[in-house]
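Okay, so here's the structure we're looking at.
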Amino acid sequence: MKRIVKKTLNLIFAAFCVAACAMISVVAYSKITGKTVIPYSVMWVLTDSMEETIPAKSYILVKKADPGEVRVGDVITFRSREAAIQGNLNTHRVIEIVGDNEEFVTKGDNSATQDSKHVFPEDVVAVYVRNMPVLTFFGRIFTSNAGFIACILLILAGTVFWLCRYIMQNREKTDKKEFDRLVEEEIERLRKQDESRRADEDVRDGQKNDSKKE
């Protein structure tokens, strides 16, 4: 039973590590390239331009967008043409559509004015779905200096814990093997001692029988 529980915990831990690595890879790829690996992806919103809808420093869930299906009121993630952040991802709300979805006028919910540059269909990356508060909570911890140090310390503590556990398990196995070896040696010693005693008894019995015959 103990072995089954141990294997189950190891499988859960391995699955968690694989899932975490996969999520980190998807988020990093989306952040760098502006492309989504799967229809849904996670993105990091740094500024407060979309508050109260999207708080600053938040993770959001987005879905790969077809520019032809974007409507007024949608919050979209796009490659900005603004001089200050040109080429970087931005997430704002569509307040007007020019022509047959030929251009999109965008504005942050917390911004006083609309964006100076229009968004073109080829700039559209995804459409906003919802906030991700749990992921945001951990993301904010990790991105802060204190949180980053805490995470590093936790990782180190976890590594030390598993290392100590590994050493103790191996030590227990070694001690058990040594104990088993000593037990086997003692059993063998007692067996030989018993055989020697019996041999002595047989010799004495033989000598007694010879004496009686004489």
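Note that this is a predicted model, so its numbers are computed, not measured. We're numbering straight along the sequence, starting at 1. What's counted below: heavy atoms across the whole structure, side chains too, no hydrogens, waters or symmetry copies.
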Side chain to side chain contact (heavy atoms under 4.5 Å, CB included) assessment of Asp74 paired with Phe104: CA-CA 11 Å; Asp74 289 346; Phe104 304 98; over 6 Å; no
One should read off an interatomic distance between Asp123 CG and His118 NE2, to the nearest 0.5 angstrom, of 12.0 Å
Original post:
If two hydrophobic side chains count as joined below 4.5 Å and joins carry through other members, does Ile60 share a cluster with Met50?
Top reply: yes
In this structure, CG of Leu135 is separated from CG of Leu61 (nearest 0.5 Å) by 10.0 Å
Show the numbers, then the answer: is there a salt bridge (Lys or Arg N to Asp or Glu O under 4.0 Å) between Glu122 and Arg81? CA-CA 12 Å; Glu122 61 269 22; Arg81 295 174 182 263; 3.5 Å; yes
Here the pair of heavy atoms bringing Phe120 nearest to Glu103 is CE2-CG, 3.5 Å
Heavy-atom distance under 4.5 Å between the side chains of Val119 and His92, does that happen here? no
*asked:* Checking the side chain of Asn101 only, and the main-chain atoms of Val70 only, is there a donor and an acceptor separated by less than 3.5 Å?
replied: yes
Item to check | Thr136 side-chain N/O to Tyr59 backbone N/O, donor-acceptor pair under 3.5 Å | outcome: yes
Nearest heavy-atom approach of Ser80 to Asn90 is CB-CB, 4.1 Å
Self-check item: Minimum side-chain heavy-atom gap Asp115-Phe78 below 4.5 Å
Solution: yes
Co-membership, hydrophobic cluster, residues Tyr128 and Val45, 4.5 Å side-chain: yes
*Strictly by modelled atom types, are Asn131 and Ser58 linked by a side-chain donor-acceptor pair under 3.5 Å?*
no
Linking I/L/V/M/F/W/Y whenever any side-chain heavy atoms sit under 4.5 Å apart, do Val127 and Val75 land together? no
field: Candidate pair Thr106 and Ile76, rule side chain to side chain contact (heavy atoms under 4.5 Å, CB included), full reasoning
entry: CA-CA 9 Å; Thr106 55; Ile76 60 172; 4.2 Å; yes
Would you please test Lys107 and Arg93 for side chain to side chain contact (heavy atoms under 4.5 Å, CB included) and show each step?
CA-CA 5 Å; Lys107 175 183 175 296; Arg93 190 180 301 278; 5.9 Å; no
Is it the case that atom CD in Glu52 sees more than 12 heavy atoms from other parts of the structure closer than 6.0 Å? no
Q.
Starting from Val125, can I reach Val94 by hopping between I/L/V/M/F/W/Y residues whose side chains sit under 4.5 Å apart?
A. no
Smallest heavy-atom separation, Pro67 atom then Pro121 atom, equals CG-O, 3.3 Å
Between Glu82 and Ser116, does a side chain to side chain contact (heavy atoms under 4.5 Å, CB included) hold up when you go through it step by step? CA-CA 7 Å; Glu82 299 278 342; Ser116 61; 2.8 Å; yes
Greater than 12 external heavy atoms within 6.0 Å of Lys57's NZ: no
The reported gap from CD1 in Ile85 to CZ in Arg79 (rounded to nearest 0.5 angstrom) is 10.5 Å
- Non-hydrogen side-chain atoms of Ile95 and Gln114 separated by less than 4.5 Å: yes
Rounding to 0.5 Å, atoms CH2 (Trp44) and CE (Met132) come to a distance of 12.5 Å
- Task: Flag yes if Val42 and Leu46 sit in one hydrophobic cluster, no otherwise; membership is Ile, Leu, Val, Met, Phe, Trp, Tyr, and two members link when side-chain heavy atoms are under 4.5 Å apart.
- Result: yes
